[in-house]
A.B. asks: 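Dropping a structure here in structure tokens format, bear with me for questions.
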Amino acid sequence: QVRLVESGGGLVQAGASLRLSCATSGAASGRTFDKYVMAWFRRAPGKAREFVAAINWNGPSTLYTDSVKGRFSVSRDNAKNTVYLQLSDLKSEDTGVYYCAAGEVLVSNGGVYDFWGRGTQVTVSS
């Protein structure tokens, strides 16, 4: 079983930065961490889950939703089995629970991802 645990969320003011981490463990279907596509999603209060960013397993390819391009950056450290999301120039609209997910393809559709963490809360005041 693959387990994902997010951390790094908090309460910050608009314009501040945070770095979220997603630590992973376990394996499924013979796939190890370095072969998983890793993604971040978020859910704002009263809204549906939204794709944020993802990073491929076999190269530098990344994917971002338009609202975070230039402000957020996703990266991974396969030696630590960890994926990161650097959030910069935070806005109140970025408030929500941020979830880490693991899958097999670099897409924005959350239904394609196989494993999910419990989430970490990011709150941006203005």
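No hydrogens, no waters, no symmetry mates; every other heavy atom, side chains included, goes into these values.
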A.B. asks: Keeping T24 on the side-chain end and N81 on the backbone end, is there a donor-acceptor pair under 3.5 Å?
C.D. replies: yes

A.B. asks: Kindly give the heavy-atom pair with the smallest separation between T120 and G8, and that separation in Å.
C.D. replies: OG1-N, 4.1 Å

A.B. asks: Determine whether a donor-acceptor pair (N or O, by modelled atom type, separation under 3.5 Å) exists between the side chain of E6 and the backbone of G119.
C.D. replies: yes

A.B. asks: Looking at every non-hydrogen atom in both residues, tell me the closest pair between V37 and W57 and how far apart they are.
C.D. replies: CG2-CD1, 3.9 Å

A.B. asks: Verify the neighbour count for atom CZ of R3: are there more than 12 heavy atoms of other residues, nucleotides or ligands below 6.0 Å?
C.D. replies: no

A.B. asks: So, taking the atom named CZ in R19 and the one named OG in S88, what distance separates them when rounded to the nearest 0.5 Å?
C.D. replies: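 That separation rounds to 11.5 Å.
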
A.B. asks: Taking the side chain from Y64 and the backbone from V74, do they hold a donor-acceptor pair closer than 3.5 Å?
C.D. replies: yes

A.B. asks: Please report the closest heavy-atom contact between G111 and R49, naming both atoms and the distance.
C.D. replies: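 Closest heavy-atom pair between G111 and R49: N-NH2, 4.0 Å.
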
A.B. asks: Check whether any side-chain N or O of T123 sits under 3.5 Å from a backbone N or O of T95 as a donor-acceptor pair, and report yes or no.
C.D. replies: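 Answer holds: no.
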
A.B. asks: Salt bridge or not for D94 and K91, using N-O below 4.0 Å?
C.D. replies: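 Judged by the 4.0 Å cut-off on N to carboxylate O distance, D94 and K91 do not form a salt bridge.
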
A.B. asks: May I ask you to establish whether R76 and F33 are in a cation-pi arrangement, using a distance under 6.0 Å from NZ or CZ to the six-membered ring centre and at most 45° from the ring axis?
C.D. replies: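 Relative to the ring axis of F33, which defines the angle, R76 lies inside both limits.
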
A.B. asks: Membership question, hydrophobic clusters at under 4.5 Å side-chain separation (ILVMFWY): are V97 and L11 in the same one?
C.D. replies: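 No, no single cluster joins them.
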
A.B. asks: Provide the closest heavy-atom pair for F51 versus V107 in the form atom of the first, atom of the second, distance.
C.D. replies: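 For F51 versus V107, the nearest heavy atoms are CE1-O, 3.7 Å.
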
A.B. asks: Looking only at heavy atoms, which two atoms of S67 and R42 are closest? And how far apart?
C.D. replies: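 Smallest interatomic distance, heavy atoms only, reads OG-NH2, 3.5 Å.
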
A.B. asks: Is it true that L63 and V105 fall in one hydrophobic cluster, defined by side-chain heavy atoms closer than 4.5 Å?
C.D. replies: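 Per the 4.5 Å side-chain linkage, L63 and V105 are co-clustered.
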
A.B. asks: I want to know whether F41 and W116 have ring centres closer than 6.0 Å.
C.D. replies: yes

A.B. asks: Find out whether L87 and V12 are in side-chain contact, i.e. whether some heavy atom of one side chain is under 4.5 Å from a heavy atom of the other.
C.D. replies: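 No; the side chains remain at least 4.5 Å from each other.
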
A.B. asks: Flag the pair F72 / L90 as yes when at least one side-chain heavy-atom distance between them is below 4.5 Å, and no otherwise.
C.D. replies: yes

A.B. asks: Do other residues, nucleotides or ligands put more than 12 heavy atoms under 6.0 Å from R118 CZ?
C.D. replies: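 No, not enclosed.
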
A.B. asks: To the closest 0.5 Å, what do you measure between OG (S25) and CG (L4)?
C.D. replies: 8.0 Å

A.B. asks: For the side-chain contact (heavy atoms from CB on, under 4.5 Å) test, which of F115, Y84, W40, Y113 pairs with C100?
C.D. replies: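 Of the listed residues F115, Y84, W40, Y113, the side-chain contact (heavy atoms from CB on, under 4.5 Å) partner of C100 is W40.
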
A.B. asks: Determine, using the 4.5 Å side-chain heavy-atom cutoff (strictly less than), whether V5 and V2 are members of one ILVMFWY cluster.
C.D. replies: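 In one cluster with V5: V2, no.
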
A.B. asks: Which heavy-atom pair separates V52 from V68 by the least distance, and what is that distance?
C.D. replies: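 Heavy atoms of V52 and V68 come nearest at O-CG2, 3.8 Å.
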
